[in-house]
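Please read the structure below before turning to the comments.
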Amino acid sequence: MHRRSPSRSRLRARLAAATLGVFALAGCTTGPSVRPAVIDNDGHPGAAPPPSSAAVPLPPLAEPKKTSLRWANCDAETRQRMPEPALPDSLHLTCARINSPLDAPDDTQHLLARIFVLKAGDGPIPLVVVNDVGGEPGSLFAARLATQLPPDFLKKFSLIGVDRRGTGQSGIVQCVPLEVRSALLGADPAQGGLGDVLDASRRAGQQCSLDLDTAKTALDSWRTAGDLDQLRRQLGMDRLNALGRGDGSKVLSDYAVRYPAQVGRMALDGVPDPGQDRAAVLDAVAAGAQATFDAFSADCAARSCSLGDAKAALKTVTDRLRTSPVDTPDGVTMDPGVATYAVYLGLANRSNWTALADALAAAKNGDVTALAGFVDPALADLHGRTARIGGTIATRCNDSATRLPADQLDRAADAMRAKYPQFGVAVAQELAWCGAWPVRREPLPPAGAPGAPPILVAATATDPVTPGIGTTRAADQMPSAVTITWQGVGHGAVGQSPCVTAAAQAFLVDGKIPDGGTLCPA
């Protein structure tokens, strides 16, 4: 046990109130290939990376050495945290925690972040799983993913889900006041600017500065990549084998830049666009959301669902809520903006489309309860789970350097509303979230990860969160990336597309590298 001075104990208490959990210590078909061929053979763990001009072989799989993690059964509590559908009784779940340096720019106290991890399954080789910061925590995502992957996958791997810093059980950020949360997602899709969102973001930023203190600027993808290397060491692995979805893939791409010699077999499922112009990046996200909504509408019509015309239904709902917003018992204000954002969140997972159509139909008839359920995880503190909005804003604002004045924010919202009537403003309002957030001071190395072995990148053609065009741009910056594209709809292809899932299994388990440019049918 480490000894602490009284002053450092007080500091720990103050930061614990911010819930980060840190403390002070002393001390398929094939399309045109656009990439050169890569070598498909075994490499040698721990070898120094060759010059960036050389092809690096895909490393072999190796079982871990002695782990320093203390795994404990967490079956019952995990199942209690999981919403439906329930996990099968045969899935074995254990949990542990690791300590990782906080690594904040102004940290002189050598603070640590406490990171929660969950192991799903009993395969001999750990495969670390990282999810979107705004999605369900990595621990729950890994448990759910274990039910979607082929059984042979879990004979080789156990899934190690990571609650990235500031989320889930890794000290979820709770600094955003309840009374401003709905306003952060409440920009009206049909009229007005982003002034109310900007005001709410300023209140949130001020409170987060008080609550998080030093930790405020330590919640980002770059430092989360450092947490993964701590996890790799404590797992007893020479190299990190990992799967990331959405901006969880950004964490893995940052890991490849920081630790190219420790990269094992990695699959990145929907990497965000790495462009520095956040407004341009979000424009593509809005286009993906609009295209996904069109696909949802067509699917609903094909099934003759009760919703009818989806665009007309959404307009009916937002028009009613514009004059008569509804405050739910969970503290969420269902106004036109929040209702639109609830639909946006529901579009990401195609398995939710039937429930989303039913919820939107009920809302058209005046009952917004089911529709609110899609946005509750972002805004409401329910059943022992804290709202995700704090960790989402903190991480995305620390990852982005874009800060726009009010007039430019309104112009961006107007432009995106004109192009994407349903979801342009719902996506554009993210630009206002960072108005009171400091910009990263320390420069980062350029993207690309020269010296890393082949990395599988899966893109989805119509994705409302990480559109395929952005994922392809991210892959283009990585010399060793091999891209496959699912011509389907939704967020995340692994576990959704049989073709992509099979390619990921062949890559991760068997070391088979697909042809760059491979296309998977919808």
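Predicted model only: the values in this text are computed from it and were never measured.
Under a 3.5 Å cut-off, the side chain of Ser249 and the backbone N or O of Gly244 do form a donor-acceptor pair. In this structure a side-chain-to-backbone donor-acceptor pair under 3.5 Å is missing from Ser170 to Gly166. Judged by distance alone, with hydrogens and angles left aside, the side-chain atoms of Asn99 form no donor-acceptor pair with the main-chain N or O of Leu112 at under 3.5 Å. A donor-acceptor pair is defined here as one N or O able to donate and one able to accept, closer than 3.5 Å; such a pair exists between the side chain of Thr323 and the backbone of Arg320. With Thr318 contributing its side chain and Lys315 its backbone, the two residues share a donor-acceptor pair below 3.5 Å. Looking at Asp213, its side chain never comes within 3.5 Å of a backbone N or O of Ser209 through a donor-acceptor pair. Side chain of Gln429 to backbone of Ala187: a donor-acceptor contact under 3.5 angstrom is found. Here the side chain of Arg114 pairs no donor or acceptor atom with the backbone of Ile98 at under 3.5 angstrom. In this structure, Asp410 contributes its side chain and Gly193 its backbone to no donor-acceptor pair below 3.5 Å. The backbone N or O of Ala295 lies less than 3.5 Å from no partner atom in the side chain of Asp299, so there is not a single donor-acceptor pair.
Here the straight-line distance linking atom OG1 of Thr224 with atom CG of Asp254 works out to 9.0 Å at 0.5 Å rounding. Separation of atoms OG1 (Thr328) and CG (Asp376) is listed at 6.0 Å; rounding is to 0.5 Å. Remark: Arg245 CZ to Phe141 CZ distance equals 4.0 Å, nearest 0.5 Å. In this structure, CZ in Arg350 is found 11.5 Å from OG in Ser497, a value given to the nearest 0.5 Å. Atoms CZ and CZ, on Arg181 and Arg388 in that order, are 13.0 Å from each other to the nearest 0.5 Å. Here the OG-CG distance, from Ser201 to Leu184, works out to 6.5 Å after rounding to the nearest 0.5 Å.
Pro464 is not listed as a side-chain neighbour of Val285, based on a closest heavy-atom distance of 4.5 Å or more. Using a 4.5 Å heavy-atom cutoff, the side chains of Val281 and Pro272 are not in contact. Counting heavy atoms from C-beta outward, Asp330 and Leu382 have side chains that approach closer than 4.5 Å. Between Glu430 and Ile393, every side-chain heavy-atom pair lies at or beyond the 4.5 Å cut-off. Looking only at side-chain heavy atoms (C-beta outward), Thr472 and Val271 stay at 4.5 Å or farther from each other. You'll find the side chain of Leu231 reaches within 4.5 Å of the side chain of Val128, heavy atoms only. Taking 4.5 Å as the limit, every side-chain heavy atom of Met416 sits out of range of all side-chain heavy atoms of Val425. Under the 4.5 Å side-chain criterion, counting only non-hydrogen atoms from C-beta, Thr167 is not in contact with Thr392.
Side-chain atoms of Ser221 and Asp399 include a donor-acceptor pair closer than 3.5 Å. If you check the side chains of Asp294 and Gln290, you find no donor sitting under 3.5 Å from an acceptor. Side-chain contact check for Thr316 and Asp319: no donor-acceptor pair (N or O, by modelled atom type) lies under 3.5 Å. At a cut-off of 3.5 Å, with distance as the only test, no side-chain donor of Thr333 or Asp335 sits close to an acceptor on the other residue.
For the pair Asp247 and Lys250, the salt-bridge criterion is not met [side-chain N within less than 4.0 Å of a carboxylate O]. A salt bridge is defined here as a Lys NZ or Arg NE, NH1 or NH2 lying under 4.0 Å from an Asp or Glu carboxylate O, and Asp414 with Arg417 meets this definition. Ion pairing between Arg441 and Asp106 holds under the 4.0 Å rule for side-chain N and carboxylate O. Look at Arg203 and Glu179 and you find a salt bridge, because one of the NZ, NE, NH1 or NH2 atoms lies within 4.0 Å of a carboxylate O, short of that distance. Arg473 has no carboxylate O lying under 4.0 Å from a charged side-chain N of Asp476, or vice versa, which leaves the two without a salt bridge. Ion pairing of Arg385 with Asp381 is absent here, as no side-chain N (NZ or NE/NH1/NH2) approaches a carboxylate O to less than 4.0 Å.
Residues Ala363 and Leu371 approach most closely at CB-CD2, 4.0 Å, considering heavy atoms. Residues Thr466 and Gly246 share a closest heavy-atom pair of CG2-CA, 4.0 Å. Across all non-hydrogen atoms, the minimal contact from Val332 to Ser182 is CA-OG, 3.7 Å. Smallest separation of non-hydrogen atoms from Ala339 and Val317: CB-CG1, 4.3 Å. Here the shortest heavy-atom pairing between Val176 and Gly390 reads CG2-CA, 3.7 Å. Taking each heavy atom of Val197 and Ala183 in turn, the nearest pair found is CG2-O, 3.5 Å.
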Q.
Go through it in stages, so that I can follow the logic: the residues are Leu240 and Val263, the test is side-chain contact (heavy atoms from CB on, under 4.5 Å), and I'd like the CA-CA distance, side-chain angles, deciding distance and then a yes or no.
A. CA-CA 5 Å; Leu240 183 75; Val263 173; over 6 Å; no
Q.
Using side-chain contact (heavy atoms from CB on, under 4.5 Å), reason through Val489 and Thr460 one step at a time and then give a plain yes or no.
A. CA-CA 7 Å; Val489 183; Thr460 299; 6.0 Å; no
Q) Between Asp269 and Trp486, is a side-chain contact (heavy atoms from CB on, under 4.5 Å) present by the stated rule, with each step listed? A) CA-CA 10 Å; Asp269 188 8; Trp486 178 37; over 6 Å; no
(Q) Please determine whether side-chain contact (heavy atoms from CB on, under 4.5 Å) holds for the pair Val257 and Trp222, giving the CA-CA distance in whole Å, both sets of side-chain angles, and the decisive distance to 0.1 Å. (A) CA-CA 9 Å; Val257 172; Trp222 184 260; 4.0 Å; yes
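Taking a 6.0 Å sphere around CD1 of Ile469, one finds it holds 12 or fewer heavy atoms contributed by other residues, nucleotides or ligands. The 12-atom threshold is not exceeded at CD of Gln276, counting heavy atoms of other residues, nucleotides or ligands nearer than 6.0 Å.
For the side chain to side chain donor-acceptor pair (under 3.5 Å) test with His491, the passing option among Thr462, Thr292, Asp132 is Asp132; the others fail.
For Asp220, the side chain to side chain donor-acceptor pair (under 3.5 Å) criterion is met by Arg223, Arg440, not counting sequence neighbours. Contacts of Thr471 classified as side chain to side chain donor-acceptor pair (under 3.5 Å), with partners at least two apart in sequence or in another chain: none. Applying the side chain to side chain donor-acceptor pair (under 3.5 Å) test to Asp227 and every residue at least two apart in sequence or in another chain returns Ser100, Arg165.
Ring geometry for Trp433 against Tyr341 counts as tilted: the plane angle lies between 30° and 60°, on a 0 to 90° scale.
Here Tyr420 and Phe423 keep their ring centres 6.0 angstrom or further from each other.
A cation-pi contact links Lys216 to Trp437, judged by a cut-off of 6.0 Å to the six-membered ring centre and 45° from its axis.
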